[in-house]
*Asks:* 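Sending over a structure as structure tokens; questions will come in a sec.
We name chains A, B, ... by the order of the sequence lines, and we start the count at 1 in each one. The figures that follow rest on heavy atoms only: side chains count, while hydrogens, waters and symmetry mates do not.
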There are 2 protein chains.
Amino acid sequence: MANDRSYLASLQDYYARHRALPSYASIGTLLGLRSKSSVAALVARLKLAGYLESTPDRRLAPTSRFFARPLAATPVRAGLPDPVDDAEADAVTIDDYLIERPSSTVLVRVKGDSMQDAGILDGDLVVVEKRVSAEKGEIVVAIVDNQFTLKRLDLEGGQFVLRPENKAYPVIRPEGALEIFGVMIGLVRKL
Amino acid sequence: MANDRSYLASLQDYYARHRALPSYASIGTLLGLRSKSSVAALVARLKLAGYLESTPDRRLAPTSRFFARPLAATPVRAGLPDPVDDAEADAVTIDDYLIERPSSTVLVRVKGDSMQDAGILDGDLVVVEKRVSAEKGEIVVAIVDNQFTLKRLDLEGGQFVLRPENKAYPVIRPEGALEIFGVMIGLVRKL
DNA sequence: TAGAATAGCGAACGAACGTTCGGCGTGTCA
DNA sequence: TGACACGCCGAACGTTCGTTCGCTATTCTA
């Protein structure tokens, strides 16, 4: 039991280095287990504990718990033991947390403060899922005058309009069809 | 060539779902290739292009380029060629972008709206670099009453105070020493 | 102290793996 | 129009995979 933790740590290190889990034989070498059946037992334990799972094609894959990025919920004093098991470490790599469909997701840098009341500041990176249609209330990246514009999509008498989240800016009422580049699904800010 | 991109996209989506790459046979099923040798050729091409690599124990693994998100700068009309190959410079993984010192970096979920004027909303994840000291003007996670508090650090007559970014909240003037957990270096929001 | 539970070993096995090779069809270009 | 490169197919291959079984050694516990 107590040792499973260090085994898991080794696997986590390995995964961090290679972004793939090794085979049973390699796990054995890595952890100092000489028999694959020992590895199988270990893997079964880790699966039971929710750290590993199998993909549909029966390959070993880490679960989100496997990543255990410390998501600090309550203050942890230095010196106190780190409650690894129970305190449900969430959040994975940030990429995994934010991005569900990598192939259709892009980042767009925000210019200006027209969305600052929605907590979107100048210089932020907006995570955008490319899509040609959106619904009222979603924040969208639209193409206006051959430029990206980040605004909230709203309906005004059956007509789509782009509403900034800053009273200093006017609502944009596109003349023809509204060209939507994608929908905002997340935000990243670096200080 | 042109099709390799869509193949790659499928693999990226698969990896995002399962955190593991499928076997050659499964790749074939996934992409509609009936022969494993076709898959082998594809994999060789993707390795050459720097998207995939082999681990020491000869397992397929993604590279960091595999994860990189395109950073869209100017609007790209549908129909125009997608400048993915060359403009690879403007691609970034969010983790690399945000986190410089992984071992001392944690995520803290924001509760409440006391920092909303700084574009930090309820439910956001704050990227915090653990550190015991900070400077005036930095946004810090402090421990007050055994709870995390996210505030901007300020000086008031030689004394550190915690200033919310929301006029509805009062400035916190700690009685004894101010216990600092870390400094905010970034922010992640998922909608 | 006896018995159960827990790790681990080692060997055997069929299934799945990735590689390799020859061949096919299509598009390009001199 | 012929040669060639490319993407793919299909079959054959030796290797490696993960599973399973019986076994030992250690630790816990009643």
*Asks:* Compare all side-chain heavy atoms of A:Ser54 with those of A:Lys47 and state whether any distance is below 4.5 angstrom.
*Replies:*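 When only atoms from C-beta onward are counted, A:Lys47 and A:Ser54 do touch, with a gap below 4.5 Å.
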*Asks:* Using 30° and 60° as the class limits, which term best fits the ring planes of B:Tyr15 and B:Phe66: parallel, tilted or perpendicular?
*Replies:* perpendicular
*Asks:* Using only heavy-atom distances, decide whether a donor-acceptor pair under 3.5 angstrom links the side-chain of B:Ser35 to the base of D:dG10.
*Replies:*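 In this structure, the two groups form a donor-acceptor pair.
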*Asks:* What is the distance, to the nearest angstrom, from the CG atom on A:Leu60 to the P atom on D:dG18?
*Replies:*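 Nearest whole value for this atom pair: 8 Å.
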*Asks:* Output the rounded distance in Å from CG (A:Leu46) to P (C:dA7).
*Replies:* 11 Å
*Asks:* Taking for each residue the nucleotide of DNA chain D bearing the nearest heavy atom, is the 5' side occupied by B:Leu33 or by A:Pro22?
*Replies:* B:Leu33
*Asks:* Can you tell me if the side-chain N/O atoms of B:Tyr24 get under 4.0 Å from OP1 or OP2 in D:dT16?
*Replies:* no
*Asks:* The side chain of B:Arg45 is closest to which nucleotide in this list: D:dC8, C:dG18, D:dG10?
*Replies:* D:dC8
*Asks:* Once you round it to whole Å, what is the distance between C1' of C:dG18 and CG of B:Leu42?
*Replies:* 14 Å
*Asks:* Check whether any side-chain heavy atom of B:Leu125 lies under 4.5 Å from a side-chain heavy atom of A:Tyr97, and answer yes or no.
*Replies:*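 Yes. Closest side-chain heavy atoms under 4.5 Å.
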*Asks:* Find the distance B:Arg59:CZ to C:dA16:C1' and express it as a whole number of Å.
*Replies:*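 Whole-Å distance recorded here is 12 Å.
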*Asks:* From CD1 of A:Ile27 over to P of C:dG8, roughly how many Å is that when rounded to an integer?
*Replies:* 13 Å
*Asks:* Going by modelled atom types, is there a donor-acceptor pair between the base of C:dC9 and the side chain of A:Ser37 at under 3.5 Å?
*Replies:*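 Yes.
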*Asks:* Nearest 0.5 Å, please: how far is OG in A:Ser104 from CG in B:Asp13?
*Replies:*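 OG of A:Ser104 is found 6.5 Å from CG of B:Asp13.
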*Asks:* Under 4.0 Å between a side-chain N or O of B:Ser23 and OP1 or OP2 of C:dA16?
*Replies:* no
*Asks:* Grab the CG-P distance between B:Asp4 and D:dA5 for me, whole Å please.
*Replies:*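 Nearest whole value for this atom pair: 19 Å.
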*Asks:* Does a side-chain heavy-atom distance below 4.5 Å link A:Arg163 with A:Lys151?
*Replies:* no
*Asks:* Measure from CG on B:Leu21 to P on C:dA16 and round the result to the nearest Å.
*Replies:* 20 Å
*Asks:* Identify which nucleotide among C:dG8, D:dG18, C:dC17 has an atom closest to any side-chain atom of B:Lys36, counting heavy atoms from C-beta outward.
*Replies:* C:dC17
